[in-house]
S.K.: 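Next up is a structure, given as structure tokens.
Just so you know, these numbers use all the heavy atoms, side chains as well, and skip hydrogens, waters and symmetry mates. This is a predicted model, so every value here is computed, not measured.
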Amino acid sequence: MLTDYLSPKYHGQGIMTLAVRTLIRDWAIPRMNLHILKASYLVGNTGSSKVMSKTNFEEVCTLEDWAPESKNRGRPRMSIVVLNWKGLS
């Protein structure tokens with residue numbers, strides 16, 4: 001599982017896209033013989049949506065109310081988008 005966080009002051013600069021692409025191409029493929037990779041992000045997370053699109057993932061489905069609520073963050077149950085990696089482009 002890949003979990004990412006980037007400080008808001010660095011959003012929109014392509015940093016996370018480069019990090020994910022580098023992790024896949026320079027580590028996961030040569031060291032782990034990667035062929036299948038799945039990812040997910042919370043519905044409404046446009047930043048993660050863009051990163052996944054730019055790193056060759058395609059949407060498989062949306063799981064409604066799948067992510068548990070977070071009472072300490074005041075977040076209700078949320079839906080997640082599930083994706084499959086299409087390989088190197």
S.K.: Working to the nearest 0.5 angstrom, can you tell me the gap between Leu18 CG and Leu23 CG?
M.R.: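 Leu18 CG to Leu23 CG: 11.0 Å, rounded to 0.5 Å.
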
S.K.: Which pairs pass side chain to side chain donor-acceptor pair (under 3.5 Å) with one or both residues in residues 43-54, sequence neighbours excluded?
M.R.: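 Every pair satisfying side chain to side chain donor-acceptor pair (under 3.5 Å) with a residue in residues 43-54: Tyr41-Ser49, Asn45-Ser48.
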
S.K.: In the structure I gave you, are the side-chain heavy atoms of Tyr10 and Met16 within less than 4.5 Å of one another anywhere?
M.R.: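 Not touching, per the 4.5 Å side-chain cut-off.
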
S.K.: For Trp66 and Arg77, work out which heavy atoms get closest and say how close.
M.R.: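 Closest approach of Trp66 to Arg77, heavy atoms only: O-NH2, 3.7 Å.
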
S.K.: Knowing that exactly one of Val60, Thr62, Leu63 qualifies, which makes a side-chain contact (heavy atoms from CB on, under 4.5 Å) with Val81?
M.R.: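 That would be Thr62.
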
S.K.: My understanding is that only residues two or more places apart in sequence, or in another chain, count here; which of them pass side chain to side chain contact (heavy atoms under 4.5 Å, CB included) with Leu42?
M.R.: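 Counting only residues at least two positions away or on another chain, Leu42 forms a side chain to side chain contact (heavy atoms under 4.5 Å, CB included) with Ala67, Arg75, Met78, Ile80.
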
S.K.: Find the distance between CG (Leu83) and NZ (Lys38) and round it off to the nearest 0.5 Å.
M.R.: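 That separation rounds to 10.0 Å.
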
S.K.: If we only count heavy atoms from C-beta on, is the Leu34 to Trp85 side-chain gap below 4.5 Å?
M.R.: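 They are in contact (side-chain heavy atoms under 4.5 Å apart), so the answer is yes.
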
S.K.: If every non-hydrogen atom of Ala39 is compared with every non-hydrogen atom of Met52, which pair is closest and at what distance?
M.R.: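 For Ala39 and Met52, the tightest heavy-atom pair comes out as CB-SD, 3.7 Å.
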
S.K.: Rounded to the nearest 0.5 Å, what separation is found between the CD atom of Gln13 and the CG atom of Leu6?
M.R.: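 Nearest 0.5 Å value for the CD-CG distance: 8.0 Å.
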
S.K.: Looking only at atom types and distance, does a side-chain atom of His11 sit under 3.5 Å from a main-chain N or O of Gly47, one as donor and one as acceptor?
M.R.: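 No, His11 side chain to Gly47 backbone: no donor-acceptor pair under 3.5 Å.
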
S.K.: Return yes if some donor-acceptor pair links the side-chain N/O of Thr17 with the main-chain N/O of Val51 below 3.5 Å, else return no.
M.R.: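 Side chain of Thr17 to backbone of Val51: no pair is present.
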
S.K.: Using modelled atom types only, decide if a donor and an acceptor are shared between the side chain of Asn56 and the backbone of Gly87 within a distance under 3.5 Å.
M.R.: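 Yes: the side chain of Asn56 pairs with the backbone of Gly87.
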
S.K.: CG of Leu37 to CG of Asn84: how many Å apart, nearest 0.5 Å?
M.R.: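 One gets 8.5 Å once the value is rounded to the nearest 0.5 Å.
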
